[in-house]
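Read through the structure below, which is laid out as C-alpha coordinates, and then see the notes.
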Amino acid sequence: MKEQLARAEAAVAALRETRNDRWYPTFHIAAPAGWINDPNGLSFFKDRYQVYFQHHPYSTQWGPMHWGHVSSTDMVTWKREPIAFAPSIEADRDGVFSGSAVPSPDGETLYVYYTGHRWANGVNEDDGNDQVQCMATSTDGINFEKHGVVVEGPAELPHFRDPKVWQIGDTWYMVFGACSADNRGQVWLYTSTDMEDWEFDSILFEDPDPDAFMLECPDFFPLGDKWVLTYCPMGPKPAGYANRNGHNAGYVVGTWAPGEAFVQTKDYVLEDWGHNFYAPQTFEAPDGRRIQYGWMGSFEEPVASQASDGWSGQLTLPRELTLGEDGNLVARPIDEVKKLRNATEEFGNLSLGYGESLVLAEDSTAVEIELDLDLAATTADRVGLQVHKTSDGHHSYVYYDALAGRVGIDSRLSYAGAKGYRAAAVSGDKLRLRIFVDRGSIEVFANDGATALTSFSFPADGPRSIELCSENGIAAISGLRVHTLRTIWED
Ligand code: FRU
(Lines give C-alpha, C1' and ligand atoms only; values in the text may rest on other atoms or scores of the structure.)
Protein backbone atom coordinates (compact mmCIF):
# COMPACT_ATOMS: atom_id res chain seq x y z
CA MET A 1 0.00 0.00 0.00
CA LYS A 2 3.05 2.29 0.48
CA GLU A 3 3.16 3.39 -3.14
CA GLN A 4 -0.58 4.13 -3.31
CA LEU A 5 -0.38 6.13 -0.08
CA ALA A 6 2.58 8.17 -1.33
CA ARG A 7 0.66 9.01 -4.51
CA ALA A 8 -2.41 9.99 -2.50
CA GLU A 9 -0.34 12.24 -0.19
CA ALA A 10 1.21 13.97 -3.20
CA ALA A 11 -2.25 14.53 -4.71
CA VAL A 12 -3.69 16.02 -1.54
CA ALA A 13 -0.62 18.25 -1.11
CA ALA A 14 -1.08 19.59 -4.65
CA LEU A 15 -4.77 20.23 -4.06
CA ARG A 16 -3.93 21.89 -0.73
CA GLU A 17 -1.99 24.54 -2.69
CA THR A 18 -5.23 25.54 -4.41
CA ARG A 19 -7.37 25.62 -1.27
CA ASN A 20 -9.48 28.69 -0.67
CA ASP A 21 -10.09 29.13 3.07
CA ARG A 22 -13.15 31.37 2.97
CA TRP A 23 -15.37 28.41 4.01
CA TYR A 24 -12.76 25.94 5.22
CA PRO A 25 -13.55 24.84 8.82
CA THR A 26 -11.46 26.09 11.73
CA PHE A 27 -12.95 23.95 14.52
CA HIS A 28 -14.36 20.99 12.63
CA ILE A 29 -12.31 18.08 11.34
CA ALA A 30 -11.68 18.10 7.60
CA ALA A 31 -8.99 16.81 5.26
CA PRO A 32 -6.25 19.27 4.24
CA ALA A 33 -7.89 19.20 0.80
CA GLY A 34 -10.03 16.94 -1.35
CA TRP A 35 -13.30 15.20 -0.59
CA ILE A 36 -14.35 13.56 2.68
CA ASN A 37 -17.44 11.70 3.81
CA ASP A 38 -18.21 9.29 6.67
CA PRO A 39 -16.30 9.23 9.96
CA ASN A 40 -14.61 5.83 10.27
CA GLY A 41 -12.62 3.83 12.82
CA LEU A 42 -13.44 6.06 15.80
CA SER A 43 -11.45 4.74 18.74
CA PHE A 44 -9.17 5.48 21.67
CA PHE A 45 -5.90 3.67 21.02
CA LYS A 46 -2.41 4.12 22.48
CA ASP A 47 -3.60 7.08 24.56
CA ARG A 48 -4.93 8.98 21.58
CA TYR A 49 -8.35 9.52 20.10
CA GLN A 50 -8.25 8.24 16.54
CA VAL A 51 -10.60 9.62 13.94
CA TYR A 52 -10.48 8.32 10.38
CA PHE A 53 -12.77 9.31 7.56
CA GLN A 54 -13.72 8.43 4.01
CA HIS A 55 -11.47 10.47 1.79
CA HIS A 56 -10.84 11.08 -1.90
CA PRO A 57 -7.50 12.84 -2.03
CA TYR A 58 -7.45 13.33 -5.81
CA SER A 59 -10.35 15.74 -6.18
CA THR A 60 -13.20 17.54 -4.43
CA GLN A 61 -15.62 14.86 -5.69
CA TRP A 62 -16.34 11.43 -4.28
CA GLY A 63 -14.07 8.84 -5.88
CA PRO A 64 -12.15 5.66 -5.01
CA MET A 65 -12.15 5.83 -1.25
CA HIS A 66 -9.13 6.18 1.02
CA TRP A 67 -9.15 6.71 4.79
CA GLY A 68 -7.88 10.07 6.04
CA HIS A 69 -6.73 10.28 9.65
CA VAL A 70 -6.37 12.72 12.55
CA SER A 71 -5.56 12.06 16.20
CA SER A 72 -5.76 13.86 19.52
CA THR A 73 -5.09 13.36 23.23
CA ASP A 74 -8.13 15.38 24.32
CA MET A 75 -10.57 15.70 21.39
CA VAL A 76 -9.94 19.46 21.43
CA THR A 77 -6.60 19.87 19.66
CA TRP A 78 -6.02 17.65 16.65
CA LYS A 79 -2.99 16.47 14.74
CA ARG A 80 -3.16 15.64 11.07
CA GLU A 81 -1.87 12.13 10.42
CA PRO A 82 -0.86 10.54 7.12
CA ILE A 83 -3.58 8.92 5.01
CA ALA A 84 -4.15 5.51 6.58
CA PHE A 85 -5.62 3.44 3.74
CA ALA A 86 -5.62 3.47 -0.04
CA PRO A 87 -7.08 0.89 -2.41
CA SER A 88 -4.23 -1.58 -2.90
CA ILE A 89 -5.53 -5.16 -2.95
CA GLU A 90 -7.99 -6.85 -5.29
CA ALA A 91 -10.72 -6.91 -2.61
CA ASP A 92 -10.65 -3.11 -2.18
CA ARG A 93 -9.58 -2.27 -5.72
CA ASP A 94 -12.20 0.49 -6.16
CA GLY A 95 -12.47 1.74 -2.62
CA VAL A 96 -11.69 1.26 1.05
CA PHE A 97 -15.23 1.92 2.19
CA SER A 98 -16.53 2.73 5.66
CA GLY A 99 -15.79 0.71 8.75
CA SER A 100 -14.83 0.74 12.38
CA ALA A 101 -11.87 0.10 14.67
CA VAL A 102 -11.44 -1.70 17.98
CA PRO A 103 -8.32 -2.14 20.06
CA SER A 104 -7.31 -5.71 20.92
CA PRO A 105 -7.98 -6.69 24.56
CA ASP A 106 -4.29 -6.08 25.47
CA GLY A 107 -4.52 -2.61 23.90
CA GLU A 108 -1.50 -3.27 21.65
CA THR A 109 -3.18 -3.71 18.26
CA LEU A 110 -5.85 -1.71 16.52
CA TYR A 111 -8.17 -3.91 14.45
CA VAL A 112 -9.89 -2.17 11.59
CA TYR A 113 -12.84 -3.68 9.71
CA TYR A 114 -13.88 -2.03 6.50
CA THR A 115 -15.74 -2.78 3.30
CA GLY A 116 -13.61 -3.61 0.30
CA HIS A 117 -15.42 -2.26 -2.73
CA ARG A 118 -15.14 -3.33 -6.37
CA TRP A 119 -17.20 -2.19 -9.29
CA ALA A 120 -18.42 -5.20 -11.23
CA ASN A 121 -17.54 -3.48 -14.53
CA GLY A 122 -14.38 -1.90 -13.13
CA VAL A 123 -15.49 1.68 -13.86
CA ASN A 124 -18.72 2.56 -12.10
CA GLU A 125 -21.75 1.29 -10.18
CA ASP A 126 -23.87 0.66 -13.31
CA ASP A 127 -23.46 -3.11 -13.30
CA GLY A 128 -23.44 -3.51 -9.52
CA ASN A 129 -20.57 -4.12 -7.16
CA ASP A 130 -18.76 -6.66 -5.04
CA GLN A 131 -18.61 -5.75 -1.38
CA VAL A 132 -16.63 -7.79 1.13
CA GLN A 133 -15.59 -7.07 4.69
CA CYS A 134 -11.85 -6.80 5.20
CA MET A 135 -9.58 -6.60 8.21
CA ALA A 136 -6.40 -4.63 8.83
CA THR A 137 -4.23 -4.20 11.92
CA SER A 138 -1.84 -1.61 13.24
CA THR A 139 0.36 -1.20 16.30
CA ASP A 140 0.52 2.60 16.04
CA GLY A 141 -2.79 3.59 14.41
CA ILE A 142 -0.82 5.08 11.52
CA ASN A 143 0.72 2.20 9.58
CA PHE A 144 -1.66 -0.61 8.73
CA GLU A 145 -1.22 -4.13 7.46
CA LYS A 146 -4.12 -5.43 5.40
CA HIS A 147 -5.18 -9.03 6.06
CA GLY A 148 -7.79 -9.26 3.31
CA VAL A 149 -11.34 -10.55 3.39
CA VAL A 150 -12.87 -11.80 6.65
CA VAL A 151 -16.54 -11.83 5.60
CA GLU A 152 -17.71 -12.47 2.05
CA GLY A 153 -20.94 -10.68 1.27
CA PRO A 154 -23.67 -13.27 0.57
CA ALA A 155 -23.91 -13.29 -3.24
CA GLU A 156 -27.65 -12.56 -3.29
CA LEU A 157 -27.25 -9.19 -1.53
CA PRO A 158 -26.83 -6.18 -3.84
CA HIS A 159 -25.30 -4.12 -1.01
CA PHE A 160 -23.56 -5.32 2.11
CA ARG A 161 -21.28 -2.85 3.82
CA ASP A 162 -20.07 -0.66 6.69
CA PRO A 163 -19.05 -3.09 9.47
CA LYS A 164 -19.31 -1.78 13.03
CA VAL A 165 -17.63 -3.94 15.66
CA TRP A 166 -17.90 -4.13 19.46
CA GLN A 167 -17.03 -6.58 22.21
CA ILE A 168 -19.08 -8.12 25.01
CA GLY A 169 -17.25 -10.58 27.25
CA ASP A 170 -15.25 -12.96 25.05
CA THR A 171 -17.33 -12.34 21.94
CA TRP A 172 -16.99 -9.80 19.18
CA TYR A 173 -20.03 -8.56 17.34
CA MET A 174 -20.25 -6.97 13.91
CA VAL A 175 -23.24 -5.33 12.26
CA PHE A 176 -23.47 -4.40 8.57
CA GLY A 177 -25.95 -2.54 6.47
CA ALA A 178 -27.60 -4.66 3.79
CA CYS A 179 -29.98 -4.50 0.91
CA SER A 180 -31.85 -7.82 0.85
CA ALA A 181 -32.48 -9.77 -2.35
CA ASP A 182 -36.00 -8.27 -2.37
CA ASN A 183 -34.73 -4.73 -1.82
CA ARG A 184 -35.42 -4.26 1.88
CA GLY A 185 -33.05 -2.35 4.14
CA GLN A 186 -31.61 -4.62 6.80
CA VAL A 187 -28.92 -4.84 9.46
CA TRP A 188 -27.05 -8.14 9.66
CA LEU A 189 -25.21 -9.40 12.74
CA TYR A 190 -22.09 -11.61 12.82
CA THR A 191 -20.01 -12.83 15.76
CA SER A 192 -16.43 -13.91 16.37
CA THR A 193 -14.39 -15.21 19.29
CA ASP A 194 -10.97 -14.38 17.84
CA MET A 195 -11.60 -11.20 15.79
CA GLU A 196 -10.71 -13.03 12.56
CA ASP A 197 -13.25 -15.81 11.97
CA TRP A 198 -16.75 -14.46 11.72
CA GLU A 199 -20.04 -16.33 11.69
CA PHE A 200 -23.51 -15.23 10.69
CA ASP A 201 -25.70 -14.72 13.76
CA SER A 202 -28.98 -13.16 12.63
CA ILE A 203 -30.70 -10.43 10.71
CA LEU A 204 -30.88 -8.00 13.58
CA PHE A 205 -33.27 -5.53 12.02
CA GLU A 206 -35.35 -4.89 8.92
CA ASP A 207 -36.60 -1.38 8.30
CA PRO A 208 -40.43 -1.47 8.39
CA ASP A 209 -40.43 1.24 5.70
CA PRO A 210 -40.69 -0.65 2.37
CA ASP A 211 -39.12 2.33 0.57
CA ALA A 212 -35.89 1.88 2.54
CA PHE A 213 -33.85 -0.44 0.33
CA MET A 214 -30.48 -0.13 2.05
CA LEU A 215 -29.39 0.90 5.55
CA GLU A 216 -25.98 2.52 5.36
CA CYS A 217 -23.56 2.83 8.26
CA PRO A 218 -25.51 1.06 11.02
CA ASP A 219 -24.23 1.52 14.56
CA PHE A 220 -25.57 -0.41 17.53
CA PHE A 221 -24.74 0.46 21.14
CA PRO A 222 -26.14 0.42 24.67
CA LEU A 223 -27.41 3.53 26.45
CA GLY A 224 -28.82 2.98 29.92
CA ASP A 225 -30.97 -0.16 29.81
CA LYS A 226 -31.69 0.21 26.09
CA TRP A 227 -29.88 -0.43 22.82
CA VAL A 228 -29.84 2.22 20.14
CA LEU A 229 -29.57 1.42 16.45
CA THR A 230 -28.58 4.37 14.30
CA TYR A 231 -28.61 3.96 10.53
CA CYS A 232 -29.00 5.82 7.27
CA PRO A 233 -31.90 4.47 5.25
CA MET A 234 -31.66 4.98 1.50
CA GLY A 235 -35.00 5.46 -0.22
CA PRO A 236 -37.50 6.87 2.32
CA LYS A 237 -39.73 9.60 0.91
CA PRO A 238 -39.81 13.12 2.38
CA ALA A 239 -42.46 13.27 5.10
CA GLY A 240 -43.32 16.74 6.40
CA TYR A 241 -40.20 18.14 8.00
CA ALA A 242 -38.43 14.76 7.93
CA ASN A 243 -36.32 13.05 5.25
CA ARG A 244 -35.96 16.19 3.17
CA ASN A 245 -32.30 15.67 2.32
CA GLY A 246 -31.06 13.30 -0.34
CA HIS A 247 -29.48 11.38 2.53
CA ASN A 248 -30.86 11.27 6.08
CA ALA A 249 -29.76 9.61 9.31
CA GLY A 250 -31.93 8.40 12.17
CA TYR A 251 -32.37 5.82 14.89
CA VAL A 252 -34.61 3.37 16.66
CA VAL A 253 -34.42 2.29 20.30
CA GLY A 254 -35.09 -1.14 21.76
CA THR A 255 -33.81 -3.95 23.91
CA TRP A 256 -31.21 -6.54 23.03
CA ALA A 257 -28.84 -8.99 24.68
CA PRO A 258 -26.35 -11.40 23.10
CA GLY A 259 -28.20 -14.35 21.61
CA GLU A 260 -31.53 -12.53 21.73
CA ALA A 261 -33.56 -10.67 19.14
CA PHE A 262 -33.60 -6.89 19.00
CA VAL A 263 -37.03 -5.73 20.16
CA GLN A 264 -37.79 -2.27 18.91
CA THR A 265 -39.55 -0.06 21.48
CA LYS A 266 -39.47 3.25 19.68
CA ASP A 267 -40.26 4.29 16.12
CA TYR A 268 -37.64 5.70 13.80
CA VAL A 269 -36.72 9.35 14.45
CA LEU A 270 -34.32 11.61 12.55
CA GLU A 271 -31.16 12.25 14.46
CA ASP A 272 -30.48 15.70 13.13
CA TRP A 273 -32.91 18.02 11.35
CA GLY A 274 -30.49 20.16 9.34
CA HIS A 275 -29.45 19.93 5.70
CA ASN A 276 -26.16 18.12 6.12
CA PHE A 277 -25.85 15.30 8.61
CA TYR A 278 -25.11 11.74 7.55
CA ALA A 279 -23.31 8.48 8.32
CA PRO A 280 -22.75 9.06 12.05
CA GLN A 281 -20.56 6.67 13.99
CA THR A 282 -19.97 6.32 17.74
CA PHE A 283 -17.33 4.91 20.03
CA GLU A 284 -17.03 4.48 23.77
CA ALA A 285 -14.54 6.87 25.36
CA PRO A 286 -12.36 5.50 28.19
CA ASP A 287 -14.62 7.22 30.74
CA GLY A 288 -17.67 5.40 29.34
CA ARG A 289 -19.21 8.26 27.38
CA ARG A 290 -20.79 7.35 24.04
CA ILE A 291 -19.38 9.84 21.56
CA GLN A 292 -20.57 10.37 18.02
CA TYR A 293 -19.27 12.14 14.96
CA GLY A 294 -21.35 12.66 11.84
CA TRP A 295 -20.42 13.70 8.34
CA MET A 296 -21.42 17.24 7.46
CA GLY A 297 -21.62 17.00 3.70
CA SER A 298 -23.76 16.01 0.80
CA PHE A 299 -23.76 13.57 -2.09
CA GLU A 300 -26.11 15.97 -3.86
CA GLU A 301 -23.64 17.96 -5.88
CA PRO A 302 -22.49 20.57 -6.30
CA VAL A 303 -21.44 21.51 -2.79
CA ALA A 304 -20.32 25.14 -3.14
CA SER A 305 -16.74 24.47 -2.00
CA GLN A 306 -16.30 21.79 -4.67
CA ALA A 307 -16.06 24.16 -7.61
CA SER A 308 -12.84 25.99 -6.86
CA ASP A 309 -12.06 25.84 -3.15
CA GLY A 310 -10.15 22.56 -3.20
CA TRP A 311 -12.10 20.72 -0.51
CA SER A 312 -15.52 19.27 0.31
CA GLY A 313 -16.98 17.88 3.52
CA GLN A 314 -16.19 18.07 7.22
CA LEU A 315 -17.14 16.19 10.37
CA THR A 316 -19.54 17.51 12.99
CA LEU A 317 -18.46 18.44 16.47
CA PRO A 318 -18.12 15.39 18.71
CA ARG A 319 -21.46 14.78 20.43
CA GLU A 320 -22.09 12.91 23.64
CA LEU A 321 -25.14 10.69 23.33
CA THR A 322 -27.53 9.89 26.14
CA LEU A 323 -31.20 8.94 26.31
CA GLY A 324 -33.58 11.64 27.48
CA GLU A 325 -36.45 11.04 29.86
CA ASP A 326 -38.80 10.78 26.89
CA GLY A 327 -36.64 7.96 25.49
CA ASN A 328 -35.28 10.12 22.66
CA LEU A 329 -31.63 10.40 21.85
CA VAL A 330 -29.94 13.48 23.28
CA ALA A 331 -26.83 14.67 21.43
CA ARG A 332 -24.88 17.50 23.00
CA PRO A 333 -21.39 18.71 22.16
CA ILE A 334 -18.90 17.01 24.47
CA ASP A 335 -17.88 19.21 27.41
CA GLU A 336 -14.35 19.53 26.06
CA VAL A 337 -15.70 21.73 23.25
CA LYS A 338 -15.92 24.55 25.82
CA LYS A 339 -12.11 24.57 25.86
CA LEU A 340 -12.23 26.07 22.38
CA ARG A 341 -13.65 29.31 23.79
CA ASN A 342 -11.02 32.01 23.90
CA ALA A 343 -13.07 35.15 24.51
CA THR A 344 -16.62 35.75 25.64
CA GLU A 345 -18.93 38.69 25.23
CA GLU A 346 -21.79 38.74 27.70
CA PHE A 347 -25.06 40.40 26.63
CA GLY A 348 -27.09 39.35 29.67
CA ASN A 349 -30.87 39.69 29.90
CA LEU A 350 -32.55 41.80 27.31
CA SER A 351 -35.74 42.32 25.49
CA LEU A 352 -35.99 43.12 21.80
CA GLY A 353 -39.08 45.09 20.80
CA TYR A 354 -41.15 45.07 17.62
CA GLY A 355 -38.88 44.74 14.62
CA GLU A 356 -35.76 45.55 16.65
CA SER A 357 -32.43 43.98 16.00
CA LEU A 358 -29.06 43.84 17.71
CA VAL A 359 -25.67 43.28 16.14
CA LEU A 360 -23.85 40.65 18.18
CA ALA A 361 -20.67 40.67 16.12
CA GLU A 362 -19.43 42.83 13.26
CA ASP A 363 -17.18 40.19 11.81
CA SER A 364 -16.99 36.64 13.05
CA THR A 365 -15.44 33.55 11.59
CA ALA A 366 -15.66 31.01 14.41
CA VAL A 367 -18.11 31.54 17.25
CA GLU A 368 -20.47 29.82 19.62
CA ILE A 369 -23.63 31.68 20.59
CA GLU A 370 -25.59 30.76 23.70
CA LEU A 371 -29.09 32.15 23.50
CA ASP A 372 -31.77 31.53 26.12
CA LEU A 373 -35.31 32.54 25.28
CA ASP A 374 -38.12 32.91 27.76
CA LEU A 375 -40.92 31.66 25.54
CA ALA A 376 -43.68 32.47 28.01
CA ALA A 377 -42.71 36.16 27.81
CA THR A 378 -41.93 36.17 24.09
CA THR A 379 -44.64 37.48 21.79
CA ALA A 380 -42.62 37.62 18.55
CA ASP A 381 -43.68 35.41 15.64
CA ARG A 382 -40.06 34.51 15.14
CA VAL A 383 -36.82 35.29 16.94
CA GLY A 384 -33.82 34.82 14.76
CA LEU A 385 -30.13 35.20 14.22
CA GLN A 386 -28.88 36.36 10.88
CA VAL A 387 -25.59 34.54 10.65
CA HIS A 388 -22.81 34.99 8.10
CA LYS A 389 -24.48 38.26 7.15
CA THR A 390 -22.57 40.25 4.57
CA SER A 391 -23.04 43.83 3.38
CA ASP A 392 -24.89 42.58 0.28
CA GLY A 393 -27.62 41.20 2.57
CA HIS A 394 -26.87 37.50 2.20
CA HIS A 395 -27.13 35.48 5.40
CA SER A 396 -28.34 32.21 6.88
CA TYR A 397 -31.17 32.48 9.37
CA VAL A 398 -31.27 30.46 12.57
CA TYR A 399 -34.65 31.00 14.16
CA TYR A 400 -37.30 30.00 16.63
CA ASP A 401 -40.76 30.02 15.05
CA ALA A 402 -43.47 30.44 17.70
CA LEU A 403 -46.28 29.57 15.26
CA ALA A 404 -44.77 26.27 14.26
CA GLY A 405 -43.10 25.54 17.61
CA ARG A 406 -39.89 24.83 15.74
CA VAL A 407 -36.27 25.79 15.57
CA GLY A 408 -34.92 26.08 12.06
CA ILE A 409 -32.07 26.93 9.73
CA ASP A 410 -33.17 28.84 6.66
CA SER A 411 -30.72 29.00 3.78
CA ARG A 412 -32.92 30.80 1.28
CA LEU A 413 -30.91 34.01 1.55
CA SER A 414 -27.54 32.31 1.87
CA TYR A 415 -24.90 33.28 -0.63
CA ALA A 416 -24.24 29.79 -1.99
CA GLY A 417 -25.33 26.21 -1.56
CA ALA A 418 -28.69 24.64 -0.69
CA LYS A 419 -31.53 27.13 -0.50
CA GLY A 420 -34.26 25.42 1.49
CA TYR A 421 -35.11 25.53 5.15
CA ARG A 422 -35.15 22.80 7.74
CA ALA A 423 -36.85 22.88 11.13
CA ALA A 424 -37.34 20.69 14.19
CA ALA A 425 -40.00 20.70 16.89
CA VAL A 426 -39.10 21.99 20.36
CA SER A 427 -41.18 22.08 23.52
CA GLY A 428 -41.28 23.80 26.90
CA ASP A 429 -41.44 27.37 28.25
CA LYS A 430 -37.76 27.98 27.81
CA LEU A 431 -35.62 27.53 24.77
CA ARG A 432 -31.90 27.16 25.21
CA LEU A 433 -29.87 27.34 22.03
CA ARG A 434 -26.19 26.70 21.42
CA ILE A 435 -25.24 27.71 17.92
CA PHE A 436 -21.82 26.96 16.49
CA VAL A 437 -20.84 29.02 13.48
CA ASP A 438 -17.74 27.98 11.59
CA ARG A 439 -16.51 29.49 8.33
CA GLY A 440 -18.81 27.33 6.23
CA SER A 441 -21.30 25.70 8.58
CA ILE A 442 -23.81 26.03 11.38
CA GLU A 443 -24.61 23.50 14.11
CA VAL A 444 -27.57 24.21 16.36
CA PHE A 445 -28.27 22.37 19.62
CA ALA A 446 -31.59 23.12 21.28
CA ASN A 447 -32.47 22.40 24.91
CA ASP A 448 -29.18 20.76 25.86
CA GLY A 449 -29.06 18.45 22.88
CA ALA A 450 -32.70 17.35 22.72
CA THR A 451 -32.70 18.62 19.13
CA ALA A 452 -29.87 19.21 16.68
CA LEU A 453 -29.67 20.82 13.24
CA THR A 454 -26.53 20.80 11.12
CA SER A 455 -26.17 22.68 7.84
CA PHE A 456 -23.61 24.15 5.54
CA SER A 457 -23.64 27.94 5.27
CA PHE A 458 -21.39 29.52 2.67
CA PRO A 459 -21.15 33.31 3.09
CA ALA A 460 -20.27 35.96 0.52
CA ASP A 461 -16.99 37.91 0.67
CA GLY A 462 -16.44 40.58 3.29
CA PRO A 463 -17.08 40.88 7.03
CA ARG A 464 -19.62 38.40 8.40
CA SER A 465 -21.86 39.89 11.03
CA ILE A 466 -24.31 38.22 13.36
CA GLU A 467 -27.55 40.01 14.02
CA LEU A 468 -30.32 39.09 16.42
CA CYS A 469 -33.85 40.05 15.38
CA SER A 470 -37.35 39.90 16.65
CA GLU A 471 -40.21 39.60 14.18
CA ASN A 472 -43.54 41.19 14.92
CA GLY A 473 -43.40 41.10 18.69
CA ILE A 474 -41.12 40.98 21.70
CA ALA A 475 -38.23 38.59 22.16
CA ALA A 476 -37.60 37.96 25.87
CA ILE A 477 -33.98 36.91 26.17
CA SER A 478 -32.87 35.57 29.52
CA GLY A 479 -29.25 34.90 28.57
CA LEU A 480 -27.00 35.72 25.66
CA ARG A 481 -23.28 35.08 25.24
CA VAL A 482 -21.03 35.06 22.23
CA HIS A 483 -17.77 33.10 22.46
CA THR A 484 -15.08 33.30 19.85
CA LEU A 485 -13.53 29.90 19.26
CA ARG A 486 -9.96 28.91 18.55
CA THR A 487 -8.91 26.43 15.91
CA ILE A 488 -8.64 22.70 16.64
CA TRP A 489 -5.44 22.28 14.64
CA GLU A 490 -2.15 21.81 16.37
CA ASP A 491 -0.18 23.41 13.49
C1 FRU B 1 -22.24 6.32 3.29
C2 FRU B 1 -21.44 5.46 2.31
C3 FRU B 1 -21.16 4.11 2.93
C4 FRU B 1 -19.95 3.66 2.16
C5 FRU B 1 -19.20 4.95 1.97
C6 FRU B 1 -18.49 5.07 0.68
O7 FRU B 1 -22.01 7.67 3.15
O8 FRU B 1 -22.10 5.36 1.09
O9 FRU B 1 -22.24 3.22 2.85
O10 FRU B 1 -19.19 2.72 2.87
O11 FRU B 1 -20.15 6.00 2.09
O12 FRU B 1 -17.75 6.24 0.62
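One-based numbering, in listed order, for ligands and for the atoms of each. Each residue takes its place number in the sequence, starting with 1.
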| task | Name the closest protein heavy atom to atom 12 (O) of ligand 1, giving the residue it belongs to and the distance to 0.1 Å. | result | Gln54 OE1, 2.7 Å
| Would you call the rings of Trp23 and Phe458 parallel, tilted or perpendicular if under 30° counts as parallel and over 60° as perpendicular? | tilted
| task | Show which atoms of ligand 1 fall inside a sub-4.0 Å distance from at least one heavy-atom site of Phe97. | result | 4 (C), 6 (C), 10 (O)
| field | N-O pairing of Arg319 and Asp272 below 4.0 Å | value | yes
| request: Go through ligand 1 atom by atom and flag the ones less than 4.0 Å from a non-hydrogen atom of Tyr278. | output: 1 (C), 7 (O)
| field | Tyr52 ring center within less than 6.0 Å of Trp67 ring center | value | yes
| field | Contact atoms of ligand 1, heavy-atom distance to Met65 under 4.0 Å | value | 12 (O)
| Which of the numbered atoms in ligand 1 are below 4.0 angstrom from a heavy atom of Phe299? | 7 (O)
| task | Check each heavy atom of Trp295 against ligand 1 and say whether those closer than 4.0 Å belong to the side chain, the backbone, both or neither. | result | neither
| What residue and heavy atom of the protein are closest to atom 2 (C) of ligand 1, and at what distance? | Asp38 OD2, 3.4 Å
| request: Could you find the nearest protein heavy atom to atom 10 (O) of ligand 1 and give me its residue, atom name and distance? | output: Asp162 OD1, 2.5 Å
| field | Those atoms of ligand 1 less than 4.0 Å from some heavy atom in Ser98 | value | 5 (C), 10 (O)
| Charged N to carboxylate O below 4.0 Å: is that the case for Asp21 and Arg19? | yes
| Is it true that Arg184 and Asp182 make a salt bridge, defined as a side-chain N closer than 4.0 Å to a carboxylate O? | no
| field | Parallel, tilted or perpendicular: ring planes of Phe220 versus Phe262, cut at 30 and 60 degrees | value | perpendicular
| Do Phe221 and Trp166 have ring centroids that are under 6.0 Å from one another? | no
| remark: min-distance protein heavy atom vs atom 8 (O) of ligand 1 -> Glu216 OE2, 2.7 Å
| task | Give a yes or no on this: more than 12 heavy atoms of other residues, nucleotides or ligands lie within 6.0 Å of atom CG of Asn124. | result | yes
| For ligand 1, is Asn37 a contact, meaning one of its heavy atoms is under 4.0 Å away? | yes
